[in-house]
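Please read the structure below before turning to the comments.
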Amino acid sequence: MKRLRNLGLTLLVFMLILTTAACSSGKTDAKPAAGSGEKYTFKLAHITPTDHMWHKAAEKFKEELDKRSGGRMKVEIYPASQLGTEADMVQQISSGSVDFGFITAAYMSSRAPAFTAWFAPYAFKDLEETNAARDTEVAKKILGTLDSQGIKGLDYVFAGNRVMLFKDKEVKKPEDMKGLAFRVTPSPPLQDFYKSMGASPESLPLPEVYAAIQTGVIDGMDMDLDATITNKYYEVAKYGAVTNHMVWPAVAMMNKAKYDKMSDADKKIIDESIKAAADYSAKTRASQEEEFKKTLSDNGMKVYEIDQKLFEPYIKQFDEKYSSTDPLIKEFMDTFRK
Ligand code: BEZ
């Protein structure tokens, strides 16, 4: 009898140990909490210096992921073209050796033509309106065109609009651009816009621009205010026309196979963290406009504006040419041209 009681007690203790072990290893039927589930260390690459808004947005994304995943999702950021050109980075993202990228829509327009839509000149009133456009059907459909390249387009990160910088000529109207060697990001719609005004567009990636203007290889450049400051172009360009003629999105993207394999809960963490980073970028950047113009003036650049009306014939030419090249570009123009 005593032996039977001892056996019963031993069995009870054994079952208790088993139950406790199962619970502590998290193997219950309950929905996983943010802190439980697979652990990830992602790589994210982009081309801008660490004081540019896109890098700050990458840091915000890292912080949001860490917080929302309870520390399971970490990000290593590779800024300033450490992993090569944008072409290299997109290749790495597509193959999965890099997980995330913030890549210029300008470069993406050469791989997926619908991204050209974003370069419709003067399509938006201001940065707020531009940021709101992220949430439209057509903006999402454009991201979807990356699926066939093994890339999940997640969102757009804005860092201010485009301006025109000139080495030593104060360009007051589009026709003054005639004959100027003018740097643009390698992207067909940007080249076409400047060609239509009579400039000779020179396709140069960001890291080559400073030396090119300093040595007189180019007379001016298409740029954003943030990069004008972070790359110190005020040292080599005397005139800055704050035209705001085009918006400037980075496409936030991820290796599609990796995204597709994640649980729905983890996909949600990725989506919401990118959204938080993109909102942060657009809002912070919009509040810096006056401060940036002042920084440039304080550093000796003549900062001025050119009336948008003077660009109207070139806007029309752009729309006529590109609205017939892709149904998504047409849809974009129909949505945003008022
Ligand atoms: C550019 O190529 O002009 C550029 C690229 C990334 C951020 C800012 C500017």
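Both ligands and their constituent atoms are indexed starting at 1 by order of listing.
In Met221, neither the side chain nor the backbone holds a heavy atom less than 4.0 Å from any atom of ligand 1. In Asp224, the part holding a heavy atom less than 4.0 Å from any atom of ligand 1 is the side chain.
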Pair Phe100-Phe61, ring-ring contact (aromatic ring centres under 6.0 Å, His included): steps then yes or no
CA-CA 11 Å; Phe100 290 93; Phe61 173 58; 5.1 Å; yes

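Legend: residues meeting side-chain hydrogen bond (donor to acceptor under 3.5 Å, both in side chains) with Lys258, ordered by chain and number and at least two apart, are Asp99.
In this structure, Tyr314 and Ser196 approach most closely via the heavy-atom pair CE2-O, 3.3 Å. For Phe119 against Met246, the heavy-atom pair with the smallest separation is O-CE, 3.4 Å. The minimum heavy-atom distance linking Ile93 with Met254 is given by the pair CG2-C, 3.8 Å.
Of the protein's heavy atoms, Arg183 NH2, 2.8 Å lies nearest to atom 2 (O) of ligand 1. The protein non-hydrogen atom at the shortest distance from atom 4 (C) of ligand 1 is Trp248 CZ2, 3.6 Å. Looking only at heavy atoms of the protein, atom 6 (C) of ligand 1 is closest to Trp54 CZ3, 3.4 Å.
To the nearest 0.5 Å, the span separating CG on Asp51 from NZ on Lys56 amounts to 6.0 Å.
Residue Arg162 places a heavy atom under 4.0 Å from ligand 1.
Those atoms of ligand 1 with a heavy atom of Thr48 less than 4.0 angstrom away are 6 (C), 7 (C). Atoms of ligand 1 lying under 4.0 Å from any heavy atom of Thr104, numbered from 1 in the order shown and given with element: 5 (C), 6 (C). Counting atoms of ligand 1 from 1 in the listed order, those under 4.0 Å from a heavy atom of Ile47 are 5 (C), 6 (C).
Between Lys60 and Glu64, at least one side-chain N (NZ, or NE/NH1/NH2) sits under 4.0 Å from a carboxylate O, which counts as a salt bridge.
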